[in-house]
Amino acid sequence: MCRFIETIRIDGGVVRNLAYHERRLNDTRTHFWPESTDLQLTDFLPPIPENGRHRLRIVYGRCGIEEVTCTPYILRPVRSLALISANDIGYTYKSADREALNQLFAQRGSCDDILIVRQRLLTDTSIANIALFDGKRWYTPQHPLLKGTKRAELLDKGILTEKNIRMEDLPSYSTVRLFNAMTDWGELELSVRHLQPIF
């Protein structure tokens, strides 16, 4: 049975980007189960912690919400990325089954995380969307593995521009930023020099 996840950030009692998460959850349910009705995530929220950063993890499937957990969150530093080629990988929907991603992550060597390359195009790390800076603008891959909720927000605000970014384009960029629902824009970045090809 297919199970999917939404990971939502809670900061000091504030639930972040709930509308984006709710839209993705309902779009996923409509895709896999066209007969399903939309869910309102506010109906399933647990007591919200008032202090600190927490990760709210919602697991759902055909019958609706199956599991809700809320745990403290500590940002994992990323100082290096291994470029890993995986031409056939797909992760269009935020599935609970991450086995293919975990297998790629295990190939990272001494790097902190991986940056997955599909058909010579940059996509995502194992847990985050990316953006690259060319000195003027921030670009994010036009075809990521997963269209994250933070990515959608940044695109809506005009902070990001979508673009196909090829391996050979990397010298045109200076900086790569990693971001997701739990990681703010600008909170995690590294030099493009810290990308190490492993093919």
Side-chain angles (χ1 to χ4, degrees), residues 4-7 9 17 20-21 24 28 53 55 57 73-199:
F4 300 92
I5 306 168
E6 285 299 322
T7 303
R9 177 171 170 169
N17 281 354
Y20 286 93
H21 289 285
R24 183 170 65 183
T28 299
R53 188 185 308 190
R55 182 178 72 168
R57 186 175 186 265
Y73 181 81
I74 298 174
L75 182 67
R76 185 183 81 192
V78 177
R79 300 180 184 89
S80 57
L81 292 170
L83 290 158
I84 302 283
S85 179
N87 289 334
D88 299 323
I89 192 168
Y91 195 67
T92 303
Y93 299 93
K94 194 171 173 65
S95 170
D97 180 4
R98 290 179 50 87
E99 183 58 32
L101 292 173
N102 292 339
Q103 288 179 10
L104 293 176
F105 183 75
Q107 300 174 40
R108 71 192 181 283
S110 61
C111 292
D112 295 319
D113 202 345
I114 58 173
L115 177 49
I116 300 164
V117 180
R118 186 172 56 186
Q119 306 297 336
R120 303 294 293 176
L121 295 174
L122 304 188
T123 62
D124 299 329
T125 74
S126 69
I127 59 168
N129 291 133
I130 65 164
L132 289 98
F133 188 61
D134 70 351
K136 295 181 179 178
R137 292 192 59 84
W138 287 97
Y139 293 95
T140 195
Q142 189 164 355
H143 302 289
L145 293 183
L146 178 71
K147 293 182 177 180
T149 54
K150 188 69 177 177
R151 179 182 182 274
E153 178 195 17
L154 293 168
L155 285 168
D156 286 348
K157 289 180 175 179
I159 294 170
L160 290 179
T161 300
E162 289 184 310
K163 183 179 182 180
N164 281 330
I165 304 172
R166 302 181 182 279
M167 284 281 297
E168 52 268 31
D169 299 332
L170 281 174
S172 302
Y173 300 94
S174 61
T175 308
V176 57
R177 279 188 178 173
L178 283 57
F179 56 93
N180 58 26
M182 298 302 303
T183 306
D184 270 339
W185 175 245
E187 191 172 22
L188 199 56
E189 70 176 39
L190 60 156
S191 169
V192 169
R193 294 193 306 272
H194 294 140
L195 306 184
Q196 301 178 21
I198 300 179
F199 285 89

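Pairs of residues two or more places apart, or lying in two chains, that qualify as side chain to side chain donor-acceptor pair (under 3.5 Å) and include a residue from residues 136-145 are Arg137-Thr161.
With sequence neighbours excluded, the residues satisfying side-chain contact (heavy atoms from CB on, under 4.5 Å) with Ala100 are Ile89. For Lys150, the salt bridge (charged side-chain N to carboxylate O under 4.0 Å, His left out) partners two or more places apart in sequence, or in a different chain, are Glu153, Asp184. With sequence neighbours excluded, the residues that form a salt bridge (charged side-chain N to carboxylate O under 4.0 Å, His left out) with Arg177 are Glu189. Considering only residues two or more places apart in sequence or on other chains, Glu187 meets the side-chain hydrogen bond (donor to acceptor under 3.5 Å, both in side chains) condition with Arg53. Considering only residues two or more places apart in sequence or on other chains, Ser126 meets the side-chain hydrogen bond (donor to acceptor under 3.5 Å, both in side chains) condition with Asp113.
Using a 3.5 Å distance cut-off with no hydrogens or angles, the side chains of Glu99 and Gln103 do pair a donor with an acceptor. No side-chain N or O of Asp124 forms a donor-acceptor pair with one of Tyr91 less than 3.5 Å apart.
With Asn129 contributing its side chain and Lys147 its backbone, the two residues share no donor-acceptor pair below 3.5 Å.
Atom CG of residue Leu190 and atom OG of residue Ser174 lie 11.0 Å apart, to the nearest 0.5 angstrom. Atom-to-atom distance recorded for Leu104:CG and Leu115:CG is 11.5 Å, nearest 0.5 angstrom.
Considering only heavy atoms from C-beta on, Thr183 stays 4.5 Å or farther from Leu178 through its side chain. In this structure the side chain of Thr7 never reaches within 4.5 angstrom of the side chain of Asn180, judged on heavy atoms.
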